> 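First, the structure itself, so that you have it in front of you.
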Amino acid sequence: MPELPEVEVVRLGLAPAVTDAVVTAVDVFDERALTRHDRTRGDFAARLVGRRMSEPQRRGKFLWVPLEPLVGRLAEGEWRPDAVLAHLGMTGQLLLREAWARPDDEPHVRMRIELRHPSLGELAVFFRDQRTFGSLALDELIATDAGDAVPGQVSHIARDPLDPLFDDRAFLSALTLKNSAIKRVLLDQGAISGVGNIYADEALWAARIHPEQPANTLSRAKAKLLLAEIRVVLAKALTEGGTSFDAQYVNVNGQAGYFAHSLNAYGRQGTPCPRCGAPIVRVSFMNRSSHFCPRDQRLR
DNA sequence: CCCCTCACCTGATCGC
DNA sequence: TGCGATCAGGTGAGGG
């Protein structure tokens, strides 16, 4: 599910159920669900049980749930992480379930986290993930220069374009230094986070930019237009609940999003460009695909 | 430092 | 019907 709008849909769905809830049990069915967790620092389940969660946060495609500080003296060698971090990879899902729901009644449930919520009572969060590129981890929050805090594993990525503190000027000037294809830069989470293959293609289509146009050849005006279109497409996808092609992307209640109906380029090879009518083409790019209109997204 | 390729997985679909 | 090739929303390690 995993670009910014889909992850934000999950965050919004998770919030009322996990905020103020206490973790009562953790069952890990597949260790690959913990590939991002550094187990030399402590066992995931043991360190998480008993902790109270606060409101879920997100940067780009990373989601995390801060944990309320523990009181009392730190035991010798004790590690007290302050967030549960999640990345959904290609097919990860976080699903709200009744406490009695059985994990083996559905495929690919890699982990179950049981919670006690002060008003909702007992409930469970299932982490499902067909391809196992997603994972959870315990992590420490690190303060940023701007005064907010992000997990250590998130500190290397840029802010996302829906973050009020995203630095437009820094992003635009970074583009002038990069000789890479603009689409490659959009997918580089260190330059701008939250954009993946779908929304990169959609934003480039909207801004009429060829995906392989070198970033440093874009005019300032064109680059600003692209950034604006990125924000438009991400925000619109969010209001429509994200993009679902199949059952892989669903919200915390298992429901699909509607944005697939609004796609102009992604996955639409052979169909007329909604703007000019020329057939959309699909080309291989970076071990995946780019979709664009060959008539009004010309390489210059 | 910058840029790029590849490995990591499972499952659906398509062509022969 | 079977089977191999190809493809799918992502990330990060490591090589040049």
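Computed from heavy atoms alone, side chains included, the values below leave out hydrogens, waters and symmetry copies. Just so it is clear, the model here is predicted, and its values are computed rather than measured. All chains are named by letter (A, B, ...) in the order of the sequence lines, taking the proteins before the strands, and each is independently numbered beginning at 1.
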> With respect to the side chain of A/S180, which nucleotide from B/dT10, C/dG9, B/dC3 is positioned closest?
B/dC3
> Below the 4.0 Å mark, does C/dA8 have OP1 or OP2 next to a side-chain nitrogen or oxygen of A/S289?
yes
> Does a side-chain N or O from A/K61 land closer than 4.0 Å to OP1 or OP2 of C/dT11, or not?
yes
> So, applying side chain to side chain donor-acceptor pair (under 3.5 Å) with A/T243, which one of A/Y249, A/Y258, A/Y266, A/Y199 is it?
A/Y199
> Taking all atoms of both residues into account, what is the closest heavy-atom pair of A/P151 and A/L85, and its distance?
CG-CD1, 4.0 Å
> Using atom P in both nucleotides, what's the gap between B/dC9 and C/dC3 to the nearest angstrom?
24 Å
> Per the side chain to side chain contact (heavy atoms under 4.5 Å, CB included) rule, which among A/I280, A/N264, A/V283 passes with A/F292?
A/V283
> Ignoring the backbone of A/Y249, work out which of B/dC9, C/dG10, C/dG9 is nearest its side chain.
C/dG9
> Could you go step by step and tell me if A/K183 and A/D201 meet the salt bridge (charged side-chain N to carboxylate O under 4.0 Å, His left out) rule?
CA-CA 8 Å; A/K183 179 166 171 183; A/D201 281 2; 2.7 Å; yes
> Under a 3.5 Å cut-off for both distances, is B/dT5 Watson-Crick or wobble paired, and to whom?
C/dA13
> Just N and O in the side chain of A/H156: are any of them under 4.0 Å from OP1 or OP2 of C/dG12?
yes
> C/dT6 and B/dC6: how far apart are their P atoms, nearest whole angstrom?
14 Å
> Measure from the side chain of A/I198, starting at C-beta and using heavy atoms only, and say which of C/dG9, B/dG11, C/dG10 lies closest.
C/dG9
